[in-house]
Amino acid sequence: LAVGFVPHLTFWQILPRLIISEENSWRLRMKQEKAFNAKINAKGMQITVVSDGSYDDYISLTDIAKYKSEDPAASIQNWMRSRDVIEFLGLWETLYNPGFKPLEFEGFKLRAGSNAFTLSPKRWVEATAAIGMYSKSGRNGGTFAHRDIAFEFASWISAEFKLYIITDYQRLKTDENSRLSLNWNMNREISKINYRIHTDAIKKYLIIPELPKQYQSFTYTTEADVLNVAMFGMTARQWREVNTELEGNIRDNATLQQLIILSNLESLNAEMIKQGKGRNERLVELNRIAQDQMSSLLRTSGIKRLEEYNS
């Protein structure tokens with residue numbers, strides 16, 4: 001048998017694994033799309049943190065490695081050669097990643113530590129469907145890992161440096177929590193007004209109960225992007241690709257008028273879903289409504305007062 005070949009599996013036996021793998025990719029994409037880049041300072045080194053205001057942040061291993069090396073990629077791969085590191089990464093994925101591939105992990109663990117063993121983050125992710133780290137090319141690129149993994153890597157680089165990283169990371173989280181609770185409070189509340197109405201309609205009329213829950217998530221994401229395209233002319237992912245310099249996601253950067261209209265569109269889309277209208281038909285109608293409502297709101301003086309109150 002060829003390596004990696006699993007005999008006697010039907011399509012329906014393989015489907016759950018495929019869905020879980022796609023779901024993991026979807027979750028990571030959602031994480032990246034709704035996140036913003038922040039910076040922590042450790043002994044004069046600027047380290048990028050991909051944050052969404054929670055503690056499930058991803059920290060740049062590339063930036064951490066620069067503390068001791070001019071070749072960060074080589075340092076990260078050298079760290080990943082250790083059997084102890086592979087066991088740690090495998091345990092983390094086992095705890096937090098239902099789509100993790102244990103057989104592939106065991107293969108890496110058996111070879112780890114040998115002189116001939118090498119492993120890159122990209123190869124690790126592709127082989128095991130890991131979600132604890134990812135690599136990104138281009139501007140603001142590099143290798144990023146969940147904070148649990150990043151702190152472990154920082155210990156390998158320097159125990160002292162790790163303490164500086166943790167100290168400023170805690171400062172960052174305090175600042176983020178303050179901003180989320182004050183500056184973003186009104187925008188967040190507006191965006192939640194009709195959220196339940198929208199998701200209930202999707203659940204009742206569009207979700208197929210027989211399909212695995214992992215697959216159902218795609219329906220919710222697709223319908224959210226129907227609203228994004230109607231309002232902004234692009235999906236959340238498309239917005240992120242053309243606005244790499246901005247913090248937050250598409251709705252975090254929306255104006256007060258846009259958020260109010262989005263809330264209205266959620267309710268309207270829910271009604272059209274109940275009426276059985278197709279996605280394309282709903283999109284055209286929602287876009288027309290969004291344009292009409294924006295024209296009206298731009299002439300409303302009350303919106304300006306709300307913006308001044310929220311600034």
Side-chain angles (χ1 to χ4, degrees), residues 18-37 50-54 56 58 99 131 134-141 144 184 187-188 190-203 205-208 211 213-273 277-294 297:
L18 293 175
I19 290 174
I20 288 174
S21 178
E22 284 299 312
E23 172 70 3
N24 287 338
S25 298
W26 172 81
R27 287 182 184 277
L28 189 56
R29 287 198 304 270
M30 290 302 101
K31 169 75 182 176
Q32 295 174 33
E33 284 171 4
K34 72 179 183 178
F36 57 89
N37 288 347
V50 180
S51 176
D52 64 354
S54 72
D56 280 330
Y58 281 66
I131 61 173
Y134 66 90
S135 295
K136 176 183 175 183
S137 59
R139 183 182 178 186
N140 298 321
F144 296 81
W184 291 3
N187 290 3
R188 294 287 179 175
I190 288 174
S191 66
K192 288 191 278 186
I193 290 174
N194 288 321
Y195 174 79
R196 183 61 182 269
I197 296 173
H198 192 231
T199 55
D200 281 354
I202 296 171
K203 181 178 181 180
Y205 296 97
L206 298 180
I207 294 294
I208 302 173
L211 287 178
K213 290 185 177 179
Q214 296 93 333
Y215 183 77
Q216 297 175 13
S217 299
F218 291 103
T219 304
Y220 289 106
T221 306
T222 301
E223 287 302 320
D225 271 335
V226 167
L227 303 182
N228 289 333
V229 173
M231 182 70 253
F232 305 103
M234 64 183 72
T235 66
R237 186 177 185 181
Q238 290 169 337
W239 183 92
R240 170 49 56 201
E241 289 173 350
V242 298
N243 292 282
T244 56
E245 76 286 354
L246 296 179
E247 296 181 351
N249 61 32
I250 189 170
R251 300 194 182 194
D252 290 331
N253 286 274
T255 65
L256 195 55
Q257 292 96 330
Q258 289 171 331
L259 288 173
I260 291 172
I261 294 171
L262 277 170
S263 180
N264 294 339
L265 295 184
E266 284 179 326
S267 178
L268 293 167
N269 193 38
E271 288 301 314
M272 285 189 274
I273 288 173
K277 293 185 177 181
R279 186 172 295 146
N280 290 339
E281 181 183 1
R282 288 187 278 114
L283 177 56
V284 171
E285 180 64 11
L286 290 170
N287 178 254
R288 182 192 64 77
I289 293 171
Q291 293 183 52
D292 288 345
Q293 292 192 2
M294 179 60 75
L297 288 178

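None of these values were measured; they are calculated from a predicted model. Residues: numbered from 1 along the sequence shown.
- Applying the side chain to side chain contact (heavy atoms under 4.5 Å, CB included) rule to Ser135 yields the partners Pro121, Thr143; only residues at least two apart in sequence or on another chain are considered.
- Atom CZ of Arg282 is separated from atom CD1 of Ile289 by 12.0 Å, given to the nearest 0.5 angstrom.
- Between Ile250 and Met231, the closest side-chain pair of non-hydrogen atoms is not below 4.5 Å.
- For the atom pair Thr219 OG1 and Ile208 CD1, the distance stands at 7.5 Å (nearest 0.5 Å).
- In this structure, Ile131 and Tyr58 approach most closely via the heavy-atom pair O-OH, 2.5 Å.
- Residues satisfying the side-chain hydrogen bond (donor to acceptor under 3.5 Å, both in side chains) criterion with Glu285, sequence neighbours excluded, are Arg288.
- In this structure, CG in Asn249 is found 11.0 Å from CG in Asn243, a value given to the nearest 0.5 Å.
- For the pair Asn269 (side chain) and Leu265 (backbone), a donor-acceptor distance under 3.5 Å is absent.
- Just one residue in the list Asn253, Leu262, Leu227 forms a side chain to side chain contact (heavy atoms under 4.5 Å, CB included) with Phe232, and that residue is Leu262.
- Heavy-atom minimum distance, Ser267 versus Ile197: CA-CG2, 4.5 Å.
- Expressed to the nearest 0.5 Å, how far OG1 of Thr222 lies from CG of Asn228 amounts to 11.0 Å.
- Here the shortest heavy-atom pairing between Glu245 and Val242 reads OE1-O, 4.3 Å.
- Using bins of under 30°, 30° to 60° and over 60° for the plane-to-plane angle, the ring pair Tyr134/Phe144 lands in the parallel bin.
- For Lys203, the NZ atom counts as loosely surrounded, since its 6.0 Å shell holds 12 or fewer non-hydrogen atoms of other residues, nucleotides or ligands.
- Every residue meeting the side-chain hydrogen bond (donor to acceptor under 3.5 Å, both in side chains) condition with Gln293, not counting sequence neighbours, appears here in chain and number order: Asn264.
- Residues satisfying the side chain to side chain contact (heavy atoms under 4.5 Å, CB included) test with Thr199, not counting sequence neighbours, are Tyr195, Arg196, Tyr220.
- For Gln291, the side-chain hydrogen bond (donor to acceptor under 3.5 Å, both in side chains) partners at least two apart in sequence or on another chain are Asn287.
- Scored by the side-chain hydrogen bond (donor to acceptor under 3.5 Å, both in side chains) test, Arg279 finds Glu223 as partners (sequence neighbours excluded).
- The line from CG of Leu286 to CG of Leu268 is 6.5 Å long, rounded to the nearest 0.5 Å.
- Here the shortest heavy-atom pairing between Ala230 and Ala290 reads O-CB, 3.8 Å.
- Rounding to the nearest 0.5 Å gives a distance of 4.5 Å between CG of Leu256 and CD1 of Ile260.
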